[in-house]
Participant: 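Please find one structure pasted underneath; my questions will follow.
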Number of protein chains: 2
Amino acid sequence: MSQTTVSRALNGFPEVSEKTRQVVLEAAAKHNYKPNTRARRLATGKSMTIGHLVSVSKEYELVNPIFADFIAGASARYAQSGYDLLLSLVPDEDEFTSYKELAARSTVDGVVVHTPRVDEQRIAQLNSLNLPFVVHGRSSNTLEKYNWVDVNNERSFFRATQLLIELGHTTIGLINGIAGVDFAVRRTQGYLRALKENNIELADAYVTHSEMTEPNGYKNALALLDLPDPPTAIVTSSIIMAHGIKRALDERELKLGRDVSVITHDDDLSYFRDTAAVPVYTATRSSVREAGRLSADLLLKTIADPSRDPEGILLDAELILGSSTKPPRLR
Amino acid sequence: MSQTTVSRALNGFPEVSEKTRQVVLEAAAKHNYKPNTRARRLATGKSMTIGHLVSVSKEYELVNPIFADFIAGASARYAQSGYDLLLSLVPDEDEFTSYKELAARSTVDGVVVHTPRVDEQRIAQLNSLNLPFVVHGRSSNTLEKYNWVDVNNERSFFRATQLLIELGHTTIGLINGIAGVDFAVRRTQGYLRALKENNIELADAYVTHSEMTEPNGYKNALALLDLPDPPTAIVTSSIIMAHGIKRALDERELKLGRDVSVITHDDDLSYFRDTAAVPVYTATRSSVREAGRLSADLLLKTIADPSRDPEGILLDAELILGSSTKPPRLR
DNA sequence: TAAATTTATCAAAGCGCTTTGGATATTGTC
DNA sequence: GACAATATCCAAAGCGCTTTGATAAATTTA
């Protein structure tokens, strides 16, 4: 039996009779024959691989824990379509070089861009490389067309802040992610818009930017509590920071909700799921795993049809009422 | 100029003169020429890829957050050696099928096995596949030879429990990872040995097993606190669970340290680093990122020399004194 | 029944590299 | 200056598949 027939039988082409296909399949199963990935990829000209380049800040050496869940969402889709997932952690300054190299070597058929900045260079660069990609998040200052999946950050944080104001809070802090990253900027914008619409003016010190770690949540919360007029409510960008904030409140013997209200963005991380009937935290919730799934779908569609017009998918975070928000205590 | 010369110049073979090598390198740089990955892999017979198959429990659908840091450690080493990292999240029951397929298709040159169980089937199976691998953790009930990198779990938890006993605690709970997973079993053994050596007998109810999430830490802590004779100290397997335990204590208006002592295992996760001069938690600490690095090194060595005898690397967790442990309060 | 289609199979080319086994040019030795 | 040794380069084979174009067999049509 010829190679051709075997190949066609295994790959489901119609030019082979059902009878011979069965024979081939049985023989393949019997000898545990699977076409060699490398040869197959060379012959087809496809790598059947999606690249996820996660930038690791040299300074902090930390890996954003939301990747685990994002990738869990994406990975399932890739597997369904026969794609592999290539994960590469690169020092952030090298990131574009890495894309260029992946493209030149054609190691991957597409990439997902994580954590875009407000003025993200990679988008234009990737467009010029002609490598299909999807951005998880958006980049405010670009005119490029590109695929993206994002949460409505501005609106979510506007609503969160608005809720606190409606409860009677007028001194509200924001403990945000690092400055310049697009989602953080949009969240600040939403927060500021709510303040402005309610004629509240607050000093810059009420907004902090840092990597979203527990220690930073703690540290920044202490800084806010040390202000001459400490906030009665805090909005934050991550449930991990929220835990740090909680620790700061404990240390000052302040009670979450009663003394200081907190609203957090909640990515619905699998190991931090706020599952109680009344959630612990009032939160703007949007599943990052779902975002992973959607990004994967969009990327696979783009790879299948490269002439496809770029698409943006905007997810709306739910505002979930928990027990961490109450009217401010009278002083 | 011939293909041969170019290939040799680019790959640093000595059969080419420095002069021509320069010419080739310049020309390559000028045209951004990089050898095609797929062709290269077919020609060399190596995939230059390491597979990490992370099993995702169907029931819980959760991704162990320590992977992010483990992989961060490993990834840097792979990159140095020119290897890619293939990440695949597979439903746990399919895991061996996945290895078999990777081997048959020779998609990867080696794999890392995560979260082995006490009686881990995959080890014998991988040995029979002749695919180089390293286990992150160990498997107690196997006679197979294999590469592994593990923390001294038994000893760490023995020491942690011993410390609590020395402080005067006699009723000590253990909030552990899921039953049957090797590290959890060893930790329970260490805990039980310390109790036994000090002639302390406790009912089975003082040990709980579950996925290491914040909600589970909370839930299991409440269960312990609801026992007729609630523990005055708790040992736990994860800093994420420790946060859940803390929440349970808050709810019962118990103070961490003063009312209930807690020792946690601390993987030194980058977003949960306990950096204070006096750490918040007394902990058995061992960097999972370092484990990732060591695993990668070991795997790369094994790939380079497959006849190499399997090696085990045992890391000793430090016992870090923090402020979450104090002598028990008098009742 | 012969010619025209359709179906089932195959031989060979090609994917873009690395590597083997020369061939040629250069240098060194007596 | 003749020969050996070495340095430099190259043509061609091969990696294990998919795919193209052709052929043979089976079926249909006239």
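All chains are named by letter (A, B, ...) in the order of the sequence lines, taking the proteins before the strands, and each is independently numbered beginning at 1.
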Participant: Is any side-chain N or O of A:Ser7 closer than 4.0 Å to OP1 or OP2 of D:dC17?
Facilitator: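 Result: no.
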Participant: Does one side chain, of B:Arg38 or A:Ser47, offer a donor that lies under 3.5 Å from an acceptor on the other?
Facilitator: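 Yes, a side-chain donor-acceptor pair sits under 3.5 Å.
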Participant: Under 4.0 Å from OP1 or OP2 of C:dC15: is there any side-chain N or O of B:Asn36 that close?
Facilitator: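 For C:dC15, OP1/OP2 do not have a side-chain N/O of B:Asn36 under 4.0 Å.
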Participant: So if I take every side-chain heavy atom of A:Thr20 and compare against D:dT18, D:dA11, C:dT9, which nucleotide ends up nearest?
Facilitator: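 Closest of the options to the side chain of A:Thr20: C:dT9.
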Participant: Is it true that the side chains of A:Ser139 and A:Arg117 contain a donor and an acceptor less than 3.5 Å apart?
Facilitator: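 On atom types as modelled, these side chains do not qualify, holding no pair under 3.5 Å.
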Participant: Are any of the side-chain nitrogens in A:Glu26 or A:Lys30 under 4.0 Å away from the carboxylate oxygens of its partner?
Facilitator: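 No, no charged N to carboxylate O under 4.0 Å.
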Participant: NA contact type, B:Thr4, heavy-atom cut-off 4.0 Å: base, sugar-phosphate, or nothing?
Facilitator: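 Base contact.
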Participant: Do any side-chain nitrogens or oxygens of A:Thr5 fall under 4.0 Å of OP1 or OP2 in C:dC10?
Facilitator: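 For A:Thr5, the contact criterion (side-chain N or O under 4.0 Å from OP1 or OP2 of C:dC10) is met.
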Participant: Heavy-atom nearest nucleotide on DNA chain C for B:Gln3 versus A:Glu18: which residue maps closer to 5'?
Facilitator: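 Its nucleotide being nearer the 5' end, the pick is A:Glu18.
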Participant: Under 4.0 Å, heavy atoms only, any strand: does B:Arg8 hit a base, just the sugar-phosphate, or nothing?
Facilitator: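 The answer is base, as B:Arg8 lies within the cut-off (heavy atoms under 4.0 Å) of a base atom.
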Participant: Please report, rounded to the nearest Å, how far the P atom of D:dC9 is from the CG atom of B:Asn11.
Facilitator: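 That distance rounds to 16 Å.
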Participant: So if I take every side-chain heavy atom of B:Ala43 and compare against D:dT18, D:dG16, D:dG14, which nucleotide ends up nearest?
Facilitator: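 Output: D:dG14.
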